[in-house]
Amino acid sequence: MKFLKQLFKKRIETTLTITSTNGFHLRPIAKFVNEVKKFNSTITIIAHNREVSATQVPKILALALENGESFTLRCVGGEAQKASEHLSSFFVRLMEDDKVVEEIEQEEERYEGSILTGQTIAKGVAIAPIVRVERVEQEGRHIGLPLRDAIVKTEEELSQLYKENRTKDEAQIYLAQKELLNSELFDKNFDNIDEEIDKLKGTAFESRIADYQDLKQRVLSYMGIKIELKLPDTPYILLADELLPSDISTIANTPIQGVILQKGTPTSHASILLRSEAIPSLIINKNSESEALAPNITRLKPSVPSLLDANSGNLILKPTENDLKKAKIKQKKFKEQQKQSYQKRFESTQTKEGKAIQVLANIADIASAKEAKEQGADGVGLFRTEFLFTETKPSLEQQTKAYTDIFELFDNITIRTLDIGGDKSLPYINIEKEDNPFLGIRGIRFSLQEKILFKEQLLAIYKAVGSVTPNKTIKIMFPMVSNTKEFTQAKNIAQTVAKENKIDISNIQFGIMLEVPCVIFALKEFDQLVDFYSIGTNDLTQYLFAIERTHPTLQVDATSPMLMSALETIVKQVNKPISICGELAGVEEATVELIEIGYDTLSVSSKLIPSLKERIRLSR
Ligand code: PEP
Ligand code: MG
């Protein structure tokens, strides 16, 4: 009977393909597992003739799925259909968002002392004695908890770290560690983990060993055994085979000048954290050339400084006077450059010729809004509201609160109404399956169908505008508008909502995302209707070049002359304020040209703001 029941349970299978050059690695796996757990179905992953639970990070990790490989996602029973649809689109987005860590370009430099070369993890120049890493066990100093309680405590610690760093790259590391901790591996004792570590040795996923060791140490520290790094209280360069992710925050609170690793990769979690702490770091893999490093170091006197120039990838154990002189100048210049752009981040920005450029932020929630403020955004150029809607539908009150909190932070905000469809779905709304969802019910087309949801969002925005200090510039932007009729319909609904609720919206502006190419040929008509435009280059590029933005192999050159020509055509025709909020606005090579063709407002992700502002100041 049980067998029959099982047999008749709804079973949906979908094939998903890894499209990230990094493969299906720990951080995206953790995010995926976190999403899988939201569904009441039995969900498994089938690949390489093995079927593993989609809630177990280590098991998925052990499948070692690489770029180009596919797996079957099997959802059985309960919400199988919903789970399959949601997880499939979630996976596509996950792959799209998985950034390739670009190799850091090194510059040429000549030194007199003998040189060891390596791969740069984080740029910068350090001059200090080298100290070899030493770990000491501090037993009995802490109150010991039983394993289960220690795991709960560690989980709380990782959740806190995740929350604190939500908008930064490193947040995913904490989420990944939390998911590993939740897996069966940590069920009974540490034997399973030690076995797993042994299995990973010599594989492509060897760098993940550090995460297992790190977790083990985090748990152990709550059990009363704390392994601490013995670190000097005077400036030093740290030499280690490898560092654990949790080591980085420890060393960052000491007079650390630089790090040399003898193992590892620039994509390891420790490397990501070294970059975010801006500690000059280099990997000098153990090889015949560097074999001599360790014995030489033990022979170095603690007072003798070595020179680590991560900008050129060089380590000079015994620098000459000339080397030191040169490095000090370089160090000063590098620090000044970094400091200058960061210190000047709150200042308004002008080019050398005096053209004022506004640098705004793309945000998604209160955490990213706060980060934008901290990074010096002149306002918000794109508030992607769909992230508030992903799991369950927020109530009118929840939406109003979320918008109010964000409106309070800035005087100038462009809020985009729900941009659902394409690669973004809502688990609680049934969008009919489309063969080409990017060419289907997306953005404003969706909102014009789901009027109740649309009207509620507009009302929440109005209420939020009403509860913050007056005189703010609030702009409401409709996504994926492809003709003037859609804009007029959307604006009519917005006016009706205001009338029905007796709200004065005369101070609110209405505009469109310019991301559908046909709009370029109707700009005259649009100009009569809209208050502003913002160009979504991510979608505009996909539709102009017929290359799906999530496509695994096809890519458009960010500064393609054809794209630039389209952007020039647009800016030259419109008489209403126009900005760019797609990824192109933050692309280093595009800044000068965008300003030259006439753009004066760029909206980018927060962490790019200080450097973009500096680039603008240096351009004509
Ligand atoms: C765009 O399309 O360029 C854009 C900014 O919007 P999204 O990436 O959210 O579609
Ligand atoms: Mg878009």
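In each ligand, atom 1 is the first atom listed, and ligand 1 is the first ligand listed. FYI, the numbering just counts along the sequence from 1.
With respect to the Mg ion (ligand 2), D539 has OD2 as its nearest N, O or S atom.
Taking a 4.0 Å cut-off on heavy atoms, R416 registers as neighbouring ligand 1. Residue M513 places a heavy atom less than 4.0 Å from ligand 1.
Numbered from 1 in the order shown, with element, the atoms of ligand 1 that lie under 4.0 Å from a heavy atom of D539 read 1 (C), 2 (O), 3 (O), 10 (O). Close contacts of ligand 1 with D419, meaning ligand atoms under 4.0 Å from a residue heavy atom, involve 10 (O).
In terms of protein heavy-atom proximity, atom 3 (O) of ligand 1 is nearest to N538 N, 2.7 Å. Atom 5 (C) of ligand 1 has R384 NH2, 3.4 Å as its closest protein atom, hydrogens excluded (heavy atom only).
Salt bridge status for E397 with K463: absent, with no side-chain N to carboxylate O gap under 4.0 Å. Remark: D539 engages R549 in a salt bridge, criterion side-chain N to carboxylate O under 4.0 Å. We find that E179 and K31 are not joined by a salt bridge, their nearest charged nitrogen and carboxylate oxygen being 4.0 Å or further apart. A salt bridge links E386 with R416: at least one charged nitrogen is closer than 4.0 Å to a carboxylate oxygen.
For the atom pair NZ (K576) and CG (L523), the distance works out to 11.5 Å, reported to the nearest 0.5 Å.
For R549, every heavy-atom contact with ligand 1 shorter than 4.0 Å involves the side chain, none the backbone.
The N/O atoms of T537, backbone and side chain alike, include one that comes under 3.5 Å of an N/O atom in ligand 1.
Taking 2.8 Å as the threshold, D419 does not count as a candidate ligand of the Mg ion (ligand 2), since none of its N, O or S atoms lies below it.
Less than 6.0 angstrom separates the ring centroid of F91 from the ring centroid of F32.
Taking 4.5 Å as the limit, every side-chain heavy atom of F71 sits out of range of all side-chain heavy atoms of I60.
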